[in-house]
Each structure stands twice: as structure tokens, then as C-alpha cells.
Amino acid sequence: MTAITSHVRSLARSRAALASGRRPRVFTLAGRDWELLDEVFAPIHSPTTRVAMELLDLPAEDAGEGERRDRCDPGEVPYRRHGTFLEIGSGTGVIAVSAALAGCARVVATDINAAAVRNTAANAARHRVDDRVSSRHGDLFAAVGEEERFDTVYWHSNYVLAPRDYRYASDHERAYVDPGYRTHRRYLAEAPGLLTEGGTALLQFSERGDLDLLRRLADECGRTLRPVRRRRLSEGDESIELVLYEIGVADVPRTA
Ligand SMILES: C[S@@+](CC[C@H](N)C(=O)[O-])C[C@H]1O[C@@H](n2cnc3c(N)ncnc32)[C@H](O)[C@@H]1O
């Protein structure tokens, strides 16, 4: 394990982000104001949410057309602009609400952290897209109806690997580490099944994660991983690459 991938350091970042004085009630990101509740992943302590928006090509309120074109890698827009969007792990709701503001017809946001569900609903109301954003409490796809399908399924995941037997000390830690990648494995296996015809399942991953293990799990589940876009960012004094992967279904699935 390198310093970058250390779950111990990631959990220390989680604790630091909860420290008093580091959590304004309202923060500004991508030119918009957002409410922040206790115990919810705060996009102000790491640039990953903002970069995730860029990788998804979700427009910021403060970005002109030219700036957006320069900022994003060339290639296809990774989500269907006027389609339906499922965000797993919505946190404060910045991505789910931005997808609705960008024109998505229907957005479902789920999070295993009940405070994040309330936070996403509050920000959907604040930005007047609560008619199009449904914020639900549940583990991965548990709050998604059996018949519901989406043009885009997306998770900006807790990509740092923790030991299989690690027990979360708070809901907030769920934003940072995944013990044994159990949740990643289920996401890889289940996300493609939630898609409409021609839809796209996406995973926002990072150099802080264990890409070799992720690839092994994908292989076991009969899934492929295709990097769609990547971006290097600075977190403190570390340089980290974020990569947006498309999850595909392998031609010849292997048994798990
Ligand atoms: C890195 S945070 C991203 C939050 C938000 N999307 C953003 O970009 O600011 C990961 C999110 O995934 C959520 N999460 C972790 N495990 C989950 C699970 N099993 N089901 C649903 N959400 C989960 C966490 O609670 C957290 O809100």
C-alpha cells in the first residue's frame, strides 16, 4: 500500500473534514451555493466533486462556453443530456442537482447515509429542481424500483480500499473507504442491469483506489472497464488522477 492508497490516511482525511470550523452551513461550488449538513461528504475539502462535474461535462454556473470546451477532454459527452440519470451516493447532491439543471428529465439520487439524502433533497429544493430530483435512502440500488431504468447510472465512489473486516466508525466514513471493495463488486455486477437500451454505467474512480483489484472484480463479474476521461488534480501536496470508467458487459461472462 502506498501513501496515496492508504485507508488510514483516508480515514484521517474523513475525521479532518468533520472538524468544527471546517464545515460552513453553505458553501459555493461551480458558481452555485449549496447547503451542507453534518456527517455528509463536503466537496469543499477535496476538489474531487468539482472535477467529477468536469469529467461528466456538467456545466458550472460560472463557466462560459469557451472555458467549458477547453476544460473537458474531447470526445463524447458521457451522459445523455436530456435523459434519465441515477446517481448512487449523492452526498450533498451537487452532481444530481447539476444534472437536473443541465437538462436531465429525471434524476434519482440515492445514498446509504440518511443525512446525505436530506442534504440532496434540500439542495434540489434550493435550486428549484425538486420536481425532477428524487432523493432516496438505500444501499446502492435498494431504493430503485424494480421497473426503473436509466440512461446513465453513475457513482463517484468511496474508492479507497479498506481491510475486509474494517467497521465504519461513522456514516461520514462511508464516503471515503470501501472494506474489501464489497460495494464496488456489487456496483460492477448490478449497474449495467439498471440501464435503458444504449444507456451508460459509469464509475468515478481514482489513483487512490486499487485498480488491479477493481479490474479483477470486474472480470469475475463479467464486466469490462473502459476509461472515458481522466483528469489530474492536486489534493494537499499530492497529485492524484481521477478516471471516469464506463462499465460494459463482457462478451463471455465468467462465473463469480
Ligand atoms: C466520494 S462520496 C461522493 C458524494 C457526492 N456524489 C459528491 O460527489 O460530492 C461517496 C458517496 O457514496 C455514498 N455511499 C457509500 N456506500 C454507499 C452504498 N452502499 N450505497 C449508497 N451510497 C453509498 C457515501 O455515503 C457518499 O455520499
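Please read these numbers as outputs of a predicted model, since none were measured by experiment. Counting starts at 1 for both ligands and their atoms, following the listed order.
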A.B. asks: Considering Thr48, Ile112, Ile88, Val40, which one's heavy-atom position lies nearest to atom 14 (N) of ligand 1?
C.D. replies: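 Nearest option to atom 14 (N) of ligand 1, by heavy atoms: Ile112.
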A.B. asks: Check whether any N or O atom of Asp139, backbone or side chain, sits under 3.5 Å from an N or O atom of ligand 1, and answer yes or no.
C.D. replies: yes
A.B. asks: Using the ring centroid of each side chain, check whether His172 and Tyr176 are separated by less than 6.0 Å.
C.D. replies: yes
A.B. asks: Non-hydrogen atoms of Gly138 versus ligand 1: any pair closer than 4.0 Å?
C.D. replies: yes
A.B. asks: Please verify the inter-ring angle class for Trp155 with His184; under 30° counts as parallel, over 60° as perpendicular, anything in between as tilted.
C.D. replies: tilted
A.B. asks: Atoms of ligand 1 less than 4.0 Å from Ser90 heavy atoms?
C.D. replies: 5 (C), 6 (N)
A.B. asks: Has Asp151 got a side-chain atom pairing as donor or acceptor with Thr84's backbone, closer than 3.5 angstrom?
C.D. replies: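 A pair under 3.5 Å: yes.
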A.B. asks: Which residue supplies the protein heavy atom nearest to atom 11 (C) of ligand 1, what is that atom called, and how far is it?
C.D. replies: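 Ranking protein heavy atoms by distance from atom 11 (C) of ligand 1, first comes Gly89 O, 3.5 Å.
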A.B. asks: In this structure, are over 12 heavy atoms from other groups packed under 6.0 Å from Arg167 atom CZ?
C.D. replies: no
A.B. asks: So, 4.0 Å and heavy atoms of Ala116: is ligand 1 close enough to count as a contact?
C.D. replies: no
A.B. asks: Does ligand 1 have an atom that lies less than 4.0 angstrom from a heavy atom of Asp111?
C.D. replies: yes
A.B. asks: Using distance alone, determine whether Ile95 and ligand 1 share an N or O pair under 3.5 Å.
C.D. replies: no
A.B. asks: So is there a nitrogen or oxygen of Arg186 less than 3.5 Å from a nitrogen or oxygen in ligand 1?
C.D. replies: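 In fact, backbone or side chain, Arg186 has no N or O that close.
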A.B. asks: With atoms numbered from 1 as shown, which atoms in ligand 1 lie under 4.0 angstrom from a non-hydrogen atom of Asn158?
C.D. replies: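 The list of qualifying atoms is 15 (C), 16 (N).
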A.B. asks: Below 4.0 Å from ligand 1: does a non-hydrogen atom of Gln204 turn up there or not?
C.D. replies: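 Gln204 does not count as a contact of ligand 1 under the 4.0 Å cut-off.
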A.B. asks: Answer yes or no: does atom CZ of Arg182 have more than 12 heavy-atom neighbours from other residues, nucleotides or ligands under 6.0 Å?
C.D. replies: yes
A.B. asks: If Ile, Leu, Val, Met, Phe, Trp and Tyr residues are connected whenever their side-chain heavy atoms lie under 4.5 Å apart, and connections chain through other members, are Val117 and Phe41 in the same group?
C.D. replies: no
A.B. asks: At a 4.0 Å cut-off, with the gap strictly under it, does some heavy atom of Trp155 reach an atom of ligand 1?
C.D. replies: yes
A.B. asks: Pairs of nitrogen or oxygen atoms closer than 3.5 Å, one from Thr110 and one from ligand 1: do any exist?
C.D. replies: no
A.B. asks: Using a 4.0 Å cutoff against the non-hydrogen atoms of Ser157, which atoms of ligand 1 qualify?
C.D. replies: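 So the atoms of ligand 1 that pass are 1 (C).
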A.B. asks: With heavy atoms only and a cut-off of under 4.0 Å, state how Ala175 meets ligand 1: side chain, backbone, both or neither.
C.D. replies: both
A.B. asks: Quick test: of every protein heavy atom, which one is nearest to atom 9 (O) of ligand 1, and how far off is it to 0.1 Å?
C.D. replies: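 Looking at atom 9 (O) of ligand 1, the protein heavy atom closest to it is Thr49 OG1, 2.8 Å.
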A.B. asks: Could you say whether the N/O atoms of Thr92 and ligand 1 ever approach to under 3.5 Å?
C.D. replies: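 N/O-N/O distance below 3.5 Å does not exist for this pair.
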